[in-house]
Engineer: 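Got a structure for you, written out below as structure tokens; questions coming shortly.
All values below come from the heavy atoms of this structure, side chains included, with hydrogens, waters and symmetry mates left out.
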Amino acid sequence: MLEVVDVSKEAHKQGGELPYHGPKLVLECTETNTPEAATRMYDRDPRSHRPHYVVDPVGYRIFKTSDSTRAVIGTFAPSQPQLRSRCVFVAVCKFSSVSLEPEHAINLGRLLRALCDIEGVPAIIHEGQPGSSIGPTTLESFEGILSWTVFPGTPEITQPGYMDWANINKGLQDYATPERLGVSPGVTIYEDTTEAAEEVATEDLNSQ
């Protein structure tokens with residue numbers, strides 16, 4: 001079973017309501033070893049950047065930390081790309097300077113597949129690494145999973161660091177759509193199965 005634990009009740013500042021077009025998961029990282037440490041850090045400053053979700057590929061857990069219908073706040077390009085399309089921020093429990101082990105990268109892909117289905121995001125990856133970026137129009141229209149580093153005009157952003165996209169994509173594609181089994185106070189439970197899902201080709205943004 002996969003549990004999504006809701007820890008979003010702590011008071012914090014949020015942006016405006018997100019549009020429905022261009023749904024995407026924007027990956028960052030917690031810069032902590034555990035999701036519990038990350039959520040405590042976010043709770044200390046209610047006006048600081050706070051992602052919508054924290055995912056723990058080692059403990060295989062998902063924590064919902066903010067209302068995903070509303071924009072996050074933080075450092076962004078003047079064009080505010082996180083407001084022009086549906087950007088759901090997902091913090092991976094890792095340090096930006098540390099790469100995930102292969103099995104944990106596969107776990108991350110499976111967790112992201114669950115979030116894709118929860119948030120209505122296509123299971124497509126833009127395999128950008130630190131130092132690469134895409135234009136505002138391409139970012140706005142893209143639907144799928146990408147790194148925070150590809151936001152235009154934000155060279156200071158290094159999160160989530162190097163990503164093992166091959167194994168992340170393996171977990172993303174070899175995981176059937178999870179079925180919601182039930183809800184208890186603060187926890188939503190999903191069926192967890194490794195049954196292969198229909199593969200979705202990675203979109204080539206270089207051609208745009």
Engineer: Check for a donor-acceptor pair, side chain of R47 on one end and backbone N or O of K13 on the other, with a separation under 3.5 Å.
Structural biologist: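 Between the backbone of K13 and the side chain of R47 there is no qualifying donor-acceptor contact (under 3.5 Å).
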Engineer: Might you work through the side chain to side chain contact (heavy atoms under 4.5 Å, CB included) test for L146 and I134, ending with a clear yes or no?
Structural biologist: CA-CA 10 Å; L146 42 68; I134 58 179; 4.2 Å; yes
Engineer: As an exercise, state the distance from SG of C93 to CD1 of I62, rounded to the nearest 0.5 Å.
Structural biologist: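 Reported to 0.5 Å precision, the distance equals 13.0 Å.
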Engineer: Check whether the side chains of E10 and Y42 place a donor and an acceptor atom closer than 3.5 Å, and report yes or no.
Structural biologist: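 Judged by distance alone, the side chains do not pair up.
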Engineer: Do S66 and H12 meet the criterion of a side-chain donor-acceptor pair at a distance under 3.5 Å?
Structural biologist: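 The criterion, which ignores hydrogens and geometry beyond distance, is satisfied for H12 and S66.
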Engineer: Determine whether a donor-acceptor pair (N or O, by modelled atom type, separation under 3.5 Å) exists between the side chain of Q173 and the backbone of A123.
Structural biologist: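 Pair found, side chain donor or acceptor close to backbone of A123.
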Engineer: Determine the minimum heavy-atom distance between T32 and A37, stating which atoms define it.
Structural biologist: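 Closest approach of T32 to A37: CB-CB, 4.1 Å.
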Engineer: Within the 3.5 Å criterion, strictly below it, is a donor on H49 or E28 matched to an acceptor on the partner's side chain?
Structural biologist: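 A pair is found: one side chain offers a donor N or O, the other an acceptor, under 3.5 Å apart.
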Engineer: Side chain to side chain contact (heavy atoms under 4.5 Å, CB included) for R86 and S68? Distances and angles first, verdict last.
Structural biologist: CA-CA 9 Å; R86 181 171 169 73; S68 59; 3.9 Å; yes
Engineer: With the side chain counted from C-beta on, respond yes when V92 and P57 share a heavy-atom pair under 4.5 Å apart, and no when they do not.
Structural biologist: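 Result yes, sub-4.5 Å side-chain heavy-atom pair found.
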Engineer: Using 0.5 Å steps for rounding, measure from the CZ atom of R113 to the CZ atom of R110.
Structural biologist: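 Here the interatomic distance stands at 11.5 Å.
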Engineer: Ignoring hydrogens and angles, tell me if any N or O in the side chain of T65 forms a donor-acceptor pair with the backbone of S8 under 3.5 Å.
Structural biologist: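 No; judged by distance alone, with no hydrogens or angles, the pair does not exist.
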Engineer: Would you give the length of the straight line joining atom OH of Y162 to atom NZ of K94, rounded to the nearest 0.5 angstrom?
Structural biologist: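 It is 10.5 Å, given to the nearest 0.5 Å.
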Engineer: Using atom types as modelled and distance alone, determine if a side-chain donor or acceptor of S147 lies under 3.5 Å from a backbone N or O of V150.
Structural biologist: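 Not a single qualifying donor-acceptor pair exists.
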Engineer: Do T69 and E17 get their side chains close enough for a donor-acceptor pair, meaning under 3.5 Å?
Structural biologist: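 T69 vs E17: no donor-acceptor pair found between side chains.
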Engineer: Quick one: are N107 and D56 in side-chain contact, heavy atoms under 4.5 Å?
Structural biologist: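 N107 vs D56: side chains apart.
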Engineer: Below 30° counts as parallel, above 60° as perpendicular, anything between as tilted: where do the rings of F89 and W148 land?
Structural biologist: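 Answer is perpendicular, since the angle exceeds 60°.
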Engineer: Tell me whether R61 is salt-bridged to E36, with the criterion being a basic N under 4.0 Å from an acidic carboxylate O.
Structural biologist: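 Result for this pair is yes, salt bridge flagged.
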Engineer: Would you check if F63 and D6 make a side-chain contact, meaning some heavy-atom pair closer than 4.5 Å?
Structural biologist: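 Of all side-chain heavy-atom pairs linking D6 with F63, none is under 4.5 Å.
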Engineer: Looking only at side-chain N and O atoms, does Q159 offer a donor or acceptor that is under 3.5 Å from a partner on T149?
Structural biologist: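 Per modelled atom types, T149 and Q159 side chains form no pair under 3.5 Å.
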Engineer: Check the hydrophobic clustering (I, L, V, M, F, W, Y; side-chain heavy atoms under 4.5 Å; chains of links allowed) and say if W165 and I106 are grouped together.
Structural biologist: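 No, W165 and I106 fall in different hydrophobic clusters.
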Engineer: Is the shortest heavy-atom distance from the side chain of E31 to the side chain of C29 under 4.5 Å?
Structural biologist: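 Sidechains of C29 and E31: in contact.
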Engineer: Looking only at heavy atoms, which two atoms of A91 and T30 are closest? And how far apart?
Structural biologist: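 Closest heavy-atom pair between A91 and T30: CB-CG2, 3.7 Å.
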Engineer: Below 4.5 Å, heavy atoms only, C-beta onward: do L115 and Y53 meet side chain to side chain?
Structural biologist: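 The answer is yes, as the side chains (C-beta and beyond) meet within the 4.5 Å cut-off.
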Engineer: I'd like to check the side chain to side chain contact (heavy atoms under 4.5 Å, CB included) partners of S85; sequence neighbours left out, ordered by chain and number.
Structural biologist: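 For S85 the side chain to side chain contact (heavy atoms under 4.5 Å, CB included) partners, ignoring immediate neighbours, are H21, K24, C87, E140.
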Engineer: Is there a side-chain contact between V7 and V5, using heavy atoms and a 4.5 Å cut-off?
Structural biologist: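 Side chain of V7 against side chain of V5, heavy atoms only: contact under 4.5 Å found.
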Engineer: Which heavy atom in F142 sits nearest to a heavy atom in I125, and how many Å separate them?
Structural biologist: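 Scanning both residues completely, I find the closest heavy atoms to be CZ-C, 4.4 Å.
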Engineer: What's the spacing between L18 CG and E119 CD if we round to 0.5 Å?
Structural biologist: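 Going from the CG atom of L18 to the CD atom of E119 covers 9.5 Å.
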Engineer: Return the minimal non-hydrogen interatomic distance between P46 and A11, and the atom names on each side.
Structural biologist: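 Minimum heavy-atom separation between P46 and A11: CB-O, 3.3 Å.
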Engineer: Side-chain contact test, heavy atoms from C-beta onward, threshold under 4.5 Å: evaluate it for V4 versus I118 and give yes or no.
Structural biologist: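 Answer yes - side chains close enough.
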Engineer: Is F95 reachable from L27 through a run of hydrophobic residues whose side-chain heavy atoms are each under 4.5 Å from the next?
Structural biologist: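 No, L27 and F95 fall in different hydrophobic clusters.
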Engineer: Return the minimal non-hydrogen interatomic distance between D164 and P102, and the atom names on each side.
Structural biologist: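 Scanning both residues completely, I find the closest heavy atoms to be OD2-CA, 4.2 Å.
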Engineer: Are side-chain heavy atoms of I124 and E143 found at a separation under 4.5 Å?
Structural biologist: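 No; the side chains remain at least 4.5 Å from each other.
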Engineer: Apply side chain to side chain contact (heavy atoms under 4.5 Å, CB included) to V26 and V90, showing your working.
Structural biologist: CA-CA 6 Å; V26 181; V90 178; over 6 Å; no
Engineer: For the side-chain hydrogen bond (donor to acceptor under 3.5 Å, both in side chains) test, which of D43, D45, T39 pairs with R50?
Structural biologist: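 Of D43, D45, T39, side-chain hydrogen bond (donor to acceptor under 3.5 Å, both in side chains) with R50 is met by D43 alone.
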Engineer: Working to the nearest 0.5 angstrom, can you tell me the gap between M163 CE and S99 OG?
Structural biologist: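 The OG atom of S99 is 9.0 Å from CE of M163, to the nearest 0.5 Å.
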Engineer: If you look at every heavy atom in L83 and P19, which pair is closest and at what distance?
Structural biologist: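 Smallest interatomic distance, heavy atoms only, reads O-CD, 3.5 Å.
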Engineer: Please test V55 against L108 for side chain to side chain contact (heavy atoms under 4.5 Å, CB included), starting from the C-alpha separation and ending with a verdict.
Structural biologist: CA-CA 8 Å; V55 295; L108 174 58; 3.7 Å; yes
Engineer: Rounded at 0.5 Å granularity, tell me how far CG in N169 sits from CG in L112.
Structural biologist: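 Rounded to the nearest 0.5 Å, the CG-CG separation comes to 10.5 Å.
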